Amino acid sequence: MSELSDRIQADMNTARKAHDALAVSTLGMAIAAIKTEQVAGKVARELSDAEVLGVLNREVAKRRDSADAYTQGNRPELADKELAEVEVLQRYLPAALGDAELDAIVAEE
């Protein structure tokens, strides 16, 4: 397993012990998505940390799309749950660049 996958699994075990239902369910879904990606294709394989990050980014995008749909459907309680799951998953993603940092990078090029 990749280091990131191991960390997610360990954090899920910690969340179970702490009775953190949101973290347990969210991390469980993330682990299931990672395992699905591992067996996709003809041969099962181990994912690299970069591939695990790709899976997590897809899961975040799905939850944001769901939150938007729930908001438009006047279901704010479900939208809030999806956004809370996004927060849990973002703990494992690298921090996004701010506007100033992005402008500095573009100016260098």
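Every value quoted in this text rests on a predicted model; they were computed, and no experiment measured them.
Here the shortest heavy-atom pairing between Leu56 and Ala30 reads CD2-CB, 3.9 Å. Between Ala23 and Val88, the shortest heavy-atom distance links the atoms CA-CG1, 4.4 Å. Closest approach of Leu22 to Glu85, counting heavy atoms only: CD1-CG, 3.8 Å.
For the atom pair CD of Glu82 and CG of Asp65, the computed distance is 10.0 Å after rounding to the nearest 0.5 Å. One distance of note links OG of Ser66 with NZ of Lys81; it measures 9.5 Å at 0.5 Å rounding. Note: Ile8 CD1 to Ile34 CD1 = 4.0 Å, rounded to the nearest 0.5 Å.
Residues in residues 12-32 take part in no salt bridge (charged side-chain N to carboxylate O under 4.0 Å, His left out) pair, two or more places apart or across chains. Applying the side chain to side chain donor-acceptor pair (under 3.5 Å) definition to pairs two or more places apart or across chains, those involving residues 52-62 are Glu37-Arg58, Glu59-Lys62, Glu59-Arg63.
For Arg64, the side chain to side chain contact (heavy atoms under 4.5 Å, CB included) partners are Val60, Val86, Gln90, not counting sequence neighbours. Residues satisfying the side chain to side chain contact (heavy atoms under 4.5 Å, CB included) test with Ser48, not counting sequence neighbours, are Ala50, Glu51. By the side-chain hydrogen bond (donor to acceptor under 3.5 Å, both in side chains) test, Tyr70 pairs with no residue at all, sequence neighbours left out.
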Let me check something: any side-chain donor-acceptor pairs from residues 71-80 under 3.5 Å, sequence neighbours excluded? List them with distances.
residue	atom	partner	partner atom	Å
Thr71	OG1	Ala67	O	2.8
Arg75	NE	Glu77	OE2	2.8
Arg75	NH2	Glu77	OE2	3.1

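Within the 4.5 Å cutoff, no side-chain heavy atoms of Leu53 are placed close to those of Asp49.
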Determine, stepwise, if the pair Arg7 / Asp11 fulfils side-chain contact (heavy atoms from CB on, under 4.5 Å).
-> CA-CA 6 Å; Arg7 184 174 142 218; Asp11 288 353; 4.0 Å; yes
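Clustering ILVMFWY residues whenever any of their side-chain heavy atoms sit less than 4.5 angstrom apart, transitively, puts Tyr92 in the very cluster that holds Leu47. Hydrophobic clustering, with ILVMFWY side chains joined whenever heavy atoms are under 4.5 angstrom apart, keeps Leu89 apart from Met29.
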